[in-house]
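Quick note: numbers below take in every heavy atom, side chains included, and nothing from hydrogens, waters or symmetry partners. Chain A is the first sequence line, chain B the second, and so forth, proteins listed ahead of strands; every chain is numbered from 1. These figures come from a predicted structure and were not determined experimentally.
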Amino acid sequence: MIRRLEELLKEAREELKAASTPDLVLQVKGKYVGRKGEIASLLKGLGTLSPEERKSAGEAINRVKTGIETEIDRLLEGFKSGEKEEKLKKERVDITLPGRRSPSGRLHPVTQVMDEIEDIFLGLGFDIAMGPEVELDYYNFEALNFPPDHPARDMQDTFFVAGDVLLRTHTSSVQPRVMEGRKPPLRIIAPGTVYRKDSDITHSPMFHQVEGFMVDSRITFSDLKGTLAHFLKSLFGPKTGVRFRPSFFPFTEPSAEVDIGCVICKGAGCRVCKGTGWLEILGAGMIHPNVFRAVKYDPETVTGFAFGLGVERIAMLKFGIDDLRLLFENDLRFLKQF
Amino acid sequence: MKVSYNWLKEFLDGAPVPKELGRALTMTGTEVESLAESGASLNNVVVAEIISCAQHPNADRLKLCEVKTATDKYSIVCGASNMKAGDRVALALIGAELPGGVKIKKSKIRGVESQGMMCSEVELGIKDTSEGILILPPAAPLGASINDALSLGDALMEIGVTPNRSDLLSIRGVAREASAVTGAKLKEKTFSLEEGGRETEEMVSVSIEDGAPCRRYTARIIEGVAIGPAPEYMRQRLEAHGIRSINNVVDVTNYVLLELGQPLHAFDLDKIEGRSIDVRLSGEGEKLETIDGKERALDPSMLVIADAKGPVALAGVMGGKYSEVTETTKTVLLESAWFEPSSVRKTAKKTGLSSESSYRFERGVDIDSVPLALDYAAYLIKELAGGTIAKERIDVYVNEMVPSPINLRLERANAIVGVDVAQKAAEYLSKLGVTVKGTGEVAIIATPPPFRPDIKEEIDLIEEIARLHGYDNIPTTLPSAPLKSGDAGKATRTKRAVKYNLSRAGFNEVLNYSFVSQDSFALAGGKDGVQLSNPLTEEMVVMRQSLIPSLLDNLRDNLLKKNEEVRVFEIAPVFLPGGKLPVEDWRVAGLLYGLRSGEAWNLPKEWVDFYDVKGVVEGIFEGLGLESSFEVGPVTMEDSRIFHPGKSSAIMIGGERGGVFGEIHPELKQKLDLKRPAYLFDADLSAIIDLSARKKAYRPLPKFPESGRDIAFIVGVETTYGEIISAISSLDTKLIERVELFDVYYGGNIPQGKRSLALRIIYRSMERTLVSDEVEAMHTRVRDELVKRFGAEVRGEQ
């Protein structure tokens, strides 16, 4: 009887192994563990045994039955999940097709750079101030220590409106406007649009500047150096070289041109930096006492620094744009790159 | 300004090499914008002319040329083929040694003797590559050393001179600065002036009218000059510095101008009526034909040099044609003067004449060097053109200028610079020619030299000290100030928010010029615009009053470039009539054109319409928490210049008209040749900035379920959705939570002049669950109201 059981188990396993479809597995199931199957007929034969034998034989038969049933369930389960997988596979999509998008737009590269500059200075506690683009000669020139009929006015080709009204040539005009209305200490930046009568590959009749100034009781030229070095390293990266050269602006003294190590050639010398390894990036200086006098500040009790930079130039350097005019052509193929 | 290094060296002992000098100047504020070094100087290389050029008898690829210098002829074998008879070339004679180490010897090439070599730029060591031999300009003097012809062994620096530094507008001035910043020793030129014949005063009288803007006028006379060309070295130098050579006398005046920075003028004394020079303001109606051959009408603001008959020169700007020095001139009257800078500038501006002279006078010349320049020029004229220099120069000096001493507080210098410069202040200033007295612990008294009119007050001295100390040697510190966060201000914050909102809605930001053409201005109905008095082009004459014409230009430009899906916006001020200055009103305007979802393979191709642009406008307000401040309103006749009167709406901002949106007017669409309508919006951003945003505040979420009922009905098209919504919300009940529109339908079985609307009305109480009867009763009230108010024909309810 035990031998018969072992044979049964072996046979059942072999047949299950050969069963390649769920139907065939079910046939094997019927043959061995079905109501009229081999195991059932063995169980019927138990009645002929003694009670002791009956108990141990019964246990053995059940063990074999459970074994076969487990094997069958495992096989059927396998067939089932295989089918599911097959079905999901057929629903496969082409993952390389483009995704569905709602149209997205970009901010102008000049705005992006302007925002970045503003954010750096906001972080340093500077407030933003604005001033008019159509401006009085007084704020654009005179209060900034450009005397009438002075050659310094030739530094900036001016668009005139009528009388003493003109288009501001720099956002420095915001300096005396703010100082007239507020008392020191001041930390201000004045971003905005400016105009100069000049148009070629490197000049646009309209462009953007950020003017900045700080006025307090003990501001020094070394503070100017530190603030601008921090700013330029924030904007162009911590390893950016910064150098200060003496220069001249009527409204600052001492004045400086500030250069950064060429972002294109990293200082080796190239076409963009004219072989010098340096790029002129902004003008700055200590606010001239005459500017303070014009706004009724006492130059003996306050000092300050001021700086101004061209946003287009920085955008061109940051994004590698080689033609200024692209910034004003508004070609979407260009605008969508940023 | 261009500066020749060799010329500079005539004033300097121990000058550093050009590159180092350039760096030292740049780092102390005299920016060397470019430095062109020519090759090293060469011996035995001269300018020659090709007489003939024939084939070499024994070699296909060689030429046999006959060339000449001023004195000799040579036979040269040459491998190049870019030359022809008559060309002037660089000829290396026997014995010459070229930069590559080539020594020129007499040699036979393929059986023919060659007596030298015609050189290429590579062979001369000027360039790295060259094609064929160097052809010189036809004016290159025969037999001259190639060093002179090409300025070899020299370096030409282009210096950017800032307007305050008039002293750097000369070779001597740059040398003085170079000496101060490099330690090279300055040497002054010496010459001995030989006078003879009559006294100058006997031959000419000079007077300066009272109050005329001229402080000093000096004059000399050279009798018996022979006018001819100036020597080669002088002509080369003038040309290298951008001045055309005229004749020996005029060239001397220009040479001295370049070398000493003092403009001079030479008159033909025989053409000076009455032999009198009067420096005075022009009379009304006087005229002068200037050297350039143009007749100039003068006015009483202009300073002139006049003889007994009238003006002979515009002081400091340009001489007169009649009295200029020509080949027939025998007696030269030489002028060296100091004119008031602002007077020269005004005259130069008024006449549109800008000259090397006016450029220097405007910026201020060294009044103390006026006689020196006169004497030096007289000396040079005598050397080059012969003649006799009359005795004793005339020197009329009104109101002598004495530089004022300036008190410099050392502590103040330290406080501005941010590092202790007190110790070295006196030393730095002395280097620059400043006379330093009373070097105390606290202050020093400094008197600037006469050639530095820009040094007027203490801060000017501090700048000089800082610059000589070297900006690199000033430490880098951060200012100490109370911690605070920067305030961007509401205007900037709002602009930024709107920009980000619109870019998320698919709009690209554009930047257009603020000045537009008259046509563009008129298109948007501009009135009393801000006109430029000196516009650059006709496209930029008036400050715009609307952003829309610019956006339409952007659309057209992009369509031409096949960018067919256009969504652009701009935020900028417009310039409206105001007081003295215009009112600068910030606007936000945008344009939509093309497919709603852009070109996408997986979305339906639907074109944008009125409700897309309305959605954008609503989005702007909602993005700012201002949805309750926006309403639609009726458009005006003015709006229909741009907008379709039936498909546009006013933007009401807080109850005030503040913009328009809608479809482009069909006629304008046609004029612009658009395939489809463009949709535009334009809103007053300044008004939006002034509004206060809704405070964000939590409202409890409902605890009881909602109950939705639909209703579909037909009404006349003149009944607006807005009217229907306000009718429903006017019902006296708190149980209607919201109304959702889910269908608008025209045509089909809906009669002409009517439309079908389908609404879902959501009922809810915040206190309890509504029972079905209550909802039904409410829904009936809604239905009755629609029927009563609008004659609605109910098609179905649910």
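Rounding to the nearest 0.5 angstrom, the gap separating the CZ atom in A:R218 from the OG atom in B:S480 is 7.5 Å. One finds the OG atom of B:S503 at 12.5 Å from the CG atom of A:L335 (value rounded to the nearest 0.5 Å). A distance of 9.5 Å separates CG in B:L581 from OH in A:Y139, rounded to the nearest 0.5 Å. Between the CZ atom of A:F159 and the OG atom of B:S533 there is a distance of 10.0 Å, given to the nearest 0.5 Å. Here the CG atom belonging to A:D115 is positioned 11.5 Å from the NZ atom belonging to B:K495, to the nearest 0.5 angstrom.
Side chain of B:N508 to backbone of A:R106: a donor-acceptor contact under 3.5 angstrom is found. A distance-only check finds a donor-acceptor pair linking the side chain of B:N534 to the backbone of A:T158 [under 3.5 Å]. Side-chain N or O atoms of B:T477 include one that pairs as donor or acceptor with a backbone N or O of A:D223 at under 3.5 Å. Put simply, the side chain of A:K197 never gets that close to the backbone of B:L536: no donor and acceptor are under 3.5 Å apart.
Residues B:L511 and A:V110 are in side-chain contact: their nearest non-hydrogen atoms beyond the backbone lie under 4.5 Å apart. Side-chain atoms of B:D487 and A:I128, non-hydrogen and from C-beta on, never get closer than 4.5 Å to each other. The closest side-chain heavy-atom distance from B:K561 to A:L332 is not below 4.5 Å. Residues A:F248 and B:D454 fail the side-chain proximity criterion, which asks for heavy atoms closer than 4.5 Å. Here the side chains of B:P479 and A:M214 are in contact, with some heavy-atom distance below 4.5 Å. Looking only at side-chain heavy atoms (C-beta outward), A:P254 and B:I416 come within less than 4.5 Å of each other. Looking only at side-chain heavy atoms (C-beta outward), A:M286 and B:E463 stay at 4.5 Å or farther from each other. Looking at heavy atoms from C-beta onward, A:E253 lies out of side-chain contact with B:E464 at the 4.5 angstrom threshold.
For a residue to count as touching a neighbouring chain, one of its non-hydrogen atoms must lie under 4.5 Å from one of that chain's; by this rule B:P535 touches chain A with the backbone only. Proximity to chain B involves both the backbone and the side chain of A:M206, based on heavy atoms less than 4.5 angstrom apart. Looking at A:L167, only its side chain comes within 4.5 Å of chain B, counting heavy atoms on both sides. Of the two parts of B:E584, only the side chain, counted from C-beta on, holds a non-hydrogen atom closer than 4.5 Å to a non-hydrogen atom of chain A. At a 4.5 Å heavy-atom cutoff, the contact between B:A415 and chain A is made by backbone atoms alone. Looking at A:F160, both its backbone and its side chain come within 4.5 Å of chain B, counting heavy atoms on both sides. Contact of B:K490 with chain A is not made at all, since no heavy-atom distance falls under 4.5 Å. With a 4.5 angstrom heavy-atom cutoff, A:E280 touches chain B only via side-chain atoms. Of the two parts of A:F249, neither the backbone nor the side chain holds a non-hydrogen atom closer than 4.5 Å to a non-hydrogen atom of chain B. Interface residue B:V510: backbone and side-chain heavy atoms are both found under 4.5 Å from chain A. With a threshold of 4.5 angstrom between heavy atoms, A:E133 approaches chain B through its backbone and through its side chain. Of the atoms belonging to A:A256, heavy atoms from both backbone and side chain fall under 4.5 Å from chain B. In this structure, the portion of A:T303 lying under 4.5 Å from any heavy atom of chain B is its side chain and not its backbone. In this structure, chain A has heavy atoms under 4.5 Å from both the backbone and the side chain of B:T26. Only the side chain of B:R345 has a heavy atom closer than 4.5 Å to any heavy atom of chain A. With a 4.5 Å cut-off on non-hydrogen atoms, A:P205 touches chain B through its backbone and its side chain both. Contact of A:V165 with chain B is made through the side chain alone, with heavy-atom distances under 4.5 Å. Both the backbone and the side chain of B:D460 come within contact range of chain A, judged by heavy atoms closer than 4.5 Å. The contact between B:R409 and chain A is made entirely by side chain atoms (from C-beta outward), counting heavy-atom distances below 4.5 Å. In this structure, chain B has a heavy atom under 4.5 Å from the side chain of A:N290, while its backbone stays farther away.
Of the listed residues A:I219, A:L166, A:D119, the one with more heavy-atom pairs under 4.5 angstrom with chain B than any other is A:D119. Chosen from A:S204, A:A152, A:P103, A:P246, the residue pairing most often with chain B at heavy-atom distances under 4.5 Å is A:P246. The residue among A:S104, A:S222, A:G226 with the most heavy atom pairs within less than 4.5 Å of chain B is A:S222. Per-residue heavy-atom pair counts under 4.5 Å with chain A were compared for B:P582, B:G598, B:S34, B:P341, and the maximum is reached by B:P582.
Between B:Y500 and A:L107, the shortest heavy-atom contact is CE2-CD1, 3.4 Å. For the pair A:S255 and B:Y471, the tightest heavy-atom approach, listed with the atom from each and the gap, is O-OH, 2.7 Å. Closest approach of B:N602 to A:G99, counting heavy atoms only: ND2-C, 4.1 Å. Heavy atoms only, all atoms of each residue included: B:E509 and A:H108 are closest at OE1-N, 3.0 Å. Minimum heavy-atom separation, A:D127 to B:S485: OD1-O, 4.3 Å. Nearest approach of B:M27 to A:F244, heavy atoms of both residues: CE-O, 3.7 Å.
Between A:K274 and B:E33, none of the side-chain N atoms (NZ, or NE/NH1/NH2) sits under 4.0 Å from a carboxylate O, so this pair counts as no salt bridge. Using a cut-off of 4.0 Å between Lys/Arg side-chain N and Asp/Glu carboxylate O, A:R243 and B:D472 are scored as not salt-bridged. Between B:K580 and A:D164 a salt bridge is recorded (basic side-chain N to carboxylate O distance below 4.0 Å). The pair A:R333-B:E564 does not meet the salt-bridge criterion, since no charged nitrogen lies less than 4.0 angstrom from a carboxylate oxygen.
Among residues two or more places apart in sequence or in another chain, the side-chain hydrogen bond (donor to acceptor under 3.5 Å, both in side chains) test is passed with B:S166 by none.
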Counting only pairs under 3.5 Å, give me each side-chain donor-acceptor contact of residues 566-574 of chain B, with atom names and distances, residues two or more places apart or in other chains.
{"residue": "B:R567", "atom": "NH1", "partner": "B:A505", "partner atom": "O", "Å": "3.1"}
{"residue": "B:R567", "atom": "NH2", "partner": "B:R596", "partner atom": "O", "Å": "2.8"}
{"residue": "B:E570", "atom": "OE1", "partner": "B:N512", "partner atom": "ND2", "Å": "2.8"}
{"residue": "B:E570", "atom": "OE1", "partner": "B:R544", "partner atom": "NH1", "Å": "3.2"}
{"residue": "B:E570", "atom": "OE2", "partner": "B:N512", "partner atom": "N", "Å": "2.9"}
{"residue": "B:E570", "atom": "OE2", "partner": "B:R544", "partner atom": "NH2", "Å": "2.8"}

Quick one: do A:V134 and B:M543 satisfy side chain to side chain contact (heavy atoms under 4.5 Å, CB included)? Show the steps, please. CA-CA 9 Å; A:V134 179; B:M543 302 302 280; 4.2 Å; yes
Go through B:K484 and A:R187 one step at a time and tell me if the side chain to side chain contact (heavy atoms under 4.5 Å, CB included) criterion holds. CA-CA 10 Å; B:K484 78 175 193 76; A:R187 261 179 278 178; 3.9 Å; yes
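Classification of the A:F328-B:Y513 ring pair by plane angle, with boundaries at 30° and 60°, yields parallel.
Between the side chains of A:N330 and B:D557, no donor-acceptor pair of N or O atoms lies under 3.5 Å.
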